[in-house]
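Quick notes on the structure that follows.
Below, read A as the first sequence line, B as the second, and so on, with proteins coming before strands; counting in each chain starts at 1.
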2 protein chains.
Amino acid sequence: MVDHDEQNHERSCCPIACALDHLGDKWTLLLIRDLLLGKKRYQEFLESPEQIATNILANRLKKLEAAGFLTLQTYQKNPVRYEYVLTKKGKDLRQVLQALVEWGKTYYPGTEVFKPYG
Amino acid sequence: MVDHDEQNHERSCCPIACALDHLGDKWTLLLIRDLLLGKKRYQEFLESPEQIATNILANRLKKLEAAGFLTLQTYQKNPVRYEYVLTKKGKDLRQVLQALVEWGKTYYPGTEVFKPYG
DNA sequence: GTATTTACTTGTATAATGCAAGTGACTTTA
DNA sequence: TAAAGTCACTTGCATTATACAAGTAAATAC
């Protein structure tokens with residue numbers, strides 16, 4: 001698989017379009033939310049109230065790692081298992097999520113911002 | 001079709017999850033971008049460089065109207081045709097898009113913020 | 001040794017997306 | 001006035017993504 005050009009601009013040279021090429025679905029930003037709240041392990045992501053399916057979770061973790069949003073840290077061998085931690089690129093989405101939270105609180109009354117995990 | 005509860009919280013009571021229930025795909029926020037830049041008509045949306053398919057555009061315009069992000073203004077009869085204009089709910093996504101633009105400019109070097117249309 | 005936990009993968013059904021072509025009501029050009 | 005073009009879609013079909021359930025492998029807990 002090859003990108004449209006060497007700068008990864010898949011659909012256009014718009015920063016929003018490029019961002020949505022990686023973030024534009026129903027689950028990816030929710031995972032980023034969980035990671036920002038302090039979740040690190042597969043089971044923890046599964047426990048979120050939105051109930052992501054396991055195949056989608058595994059797929060998104062792979063894509064997020066491939067795209068440099070998070071890195072894997074081994075916490076166990078035999079079998080090897082990882083904790084997922086955000087890179088700076090991932091952490092810097094905090095402001096985007098924050099803006100979305102502010103908007104969401106206004107237009108979905110009754111919603112509650114989640115507390116940091118753990 | 002019925003919502004999970006009377007407050008439209010489809011997956012959870014998280015404002016991010018509720019927002020993504022309507023905005024979480026590859027096209028919806030790009031349409032909001034175009035509307036914020038001043039585009040109003042079907043053809044104008046088609047002319048954006050990301051090349052949205054006509055069936056997806058028609059579908060998204062319907063969903064955005066149904067969800068109160070935009071309203072239709074008749075500009076011609078026989079046949080009746082509409083301009084699409086953002087409501088306050090739609091316009092208030094400007095800060096979200098702005099945060100995404102700032103993030104995108106940093107992590108997709110070479111991208112350029114689009115200029116207002118018209 | 002059996003049950004449970006953890007982190008997945010696999011299979012299959014449904015839904016979303018992408019692409020090309022078609023439609024209907026005009027409007028413009030020859 | 002007849003043919004071609006514009007505008008805003010819809011339809012059909014192929015591909016891809018999402019959802020749900022079940023299965024797997026290597027531990028650890030009882």
Below 4.0 angstrom from OP1 or OP2 of D:dC9, is there any side-chain N or O of B:Y84?
yes
Please confirm whether the shortest side-chain N or O distance from B:K62 to OP1 or OP2 of D:dT10 is below 4.0 Å.
yes
Exam field: side chain A:E65 to backbone A:K62, donor-acceptor pair closer than 3.5 Å:
no
Contacting residues from residues 24-37 of chain B, given that a heavy atom lies under 4.0 angstrom of DNA chain C:
B:D25, B:W27
Can you figure out which of [options] approaches the side chain of [X] most closely?
{"X": "B:I56", "options": "D:dT10, C:dT17, D:dA8", "result": "C:dT17"}
{"X": "B:A53", "options": "C:dA21, C:dC19, D:dA8", "result": "C:dC19"}
{"X": "B:Y75", "options": "D:dT10, D:dA8, D:dA21", "result": "D:dA8"}

When you measure from the centre of the six-membered ring of B:Y75, is the NZ or CZ of B:R41 closer than 6.0 Å and no more than 45° off the axis?
yes
Tell me whether the NZ or CZ atom of B:K40 lies within the 45° cone about the ring axis of B:Y84 and under 6.0 Å from its centre.
no
Might you confirm whether atom NZ of B:K39 has over 12 heavy atoms from other residues, nucleotides or ligands at distances under 6.0 Å?
yes
Look at atom NZ of B:K89 and say whether more than 12 heavy atoms of other residues, nucleotides or ligands are closer to it than 6.0 Å.
yes
Is the closest side-chain donor-acceptor distance between A:D92 and B:Y107 under 3.5 Å?
yes
Rounded to the nearest angstrom, tell me the gap between atom [atom1] in [X] and atom [atom2] in [N].
{"X": "A:L46", "N": "D:dA21", "atom1": "CG", "atom2": "P", "value": "14 Å"}
{"X": "A:Y42", "N": "D:dT24", "atom1": "OH", "atom2": "C1'", "value": "13 Å"}
{"X": "A:Q73", "N": "C:dA7", "atom1": "CD", "atom2": "P", "value": "14 Å"}
{"X": "A:N59", "N": "D:dT16", "atom1": "CG", "atom2": "P", "value": "14 Å"}
{"X": "A:R41", "N": "C:dC8", "atom1": "CZ", "atom2": "C1'", "value": "15 Å"}
{"X": "A:R60", "N": "C:dT9", "atom1": "CZ", "atom2": "P", "value": "14 Å"}
{"X": "A:Q43", "N": "C:dT4", "atom1": "CD", "atom2": "P", "value": "15 Å"}
{"X": "A:Q51", "N": "D:dA21", "atom1": "CD", "atom2": "P", "value": "11 Å"}

Going through the distances and angles, do A:C14 and B:R33 end up as a side chain to side chain contact (heavy atoms under 4.5 Å, CB included)?
CA-CA 10 Å; A:C14 169; B:R33 172 203 68 184; 3.1 Å; yes
When you compare the protein's N or O atoms with those of nucleotides 11-14 of chain C, which come within less than 3.5 Å of each other, and at what distance?
| unit_1 | atom_1 | unit_2 | atom_2 | d |
| --- | --- | --- | --- | --- |
| C:dG11 | O6 | A:N55 | ND2 | 3.3 |

Distance-minimising heavy-atom pair for [X] and [Y]:
{"X": "B:A99", "Y": "A:Q95", "value": "CB-O, 4.0 Å"}
{"X": "A:G110", "Y": "B:C13", "value": "O-CB, 4.4 Å"}
{"X": "A:E44", "Y": "A:G38", "value": "OE1-O, 4.5 Å"}

With the criterion being N/O to N/O and under 3.5 Å, what pairs connect the protein with nucleotides 25-28 of chain D, and how long is each?
| unit_1 | atom_1 | unit_2 | atom_2 | d |
| --- | --- | --- | --- | --- |
| D:dA26 | O3' | A:N78 | O | 3.4 |
| D:dA27 | OP1 | A:N78 | O | 2.3 |

Is it true that A:W27 and A:F45 have ring centroids separated by less than 6.0 Å?
no
Can you say whether the rings of B:H22 and A:Y108 are parallel (under 30°), tilted (30 to 60°) or perpendicular (over 60°)?
parallel
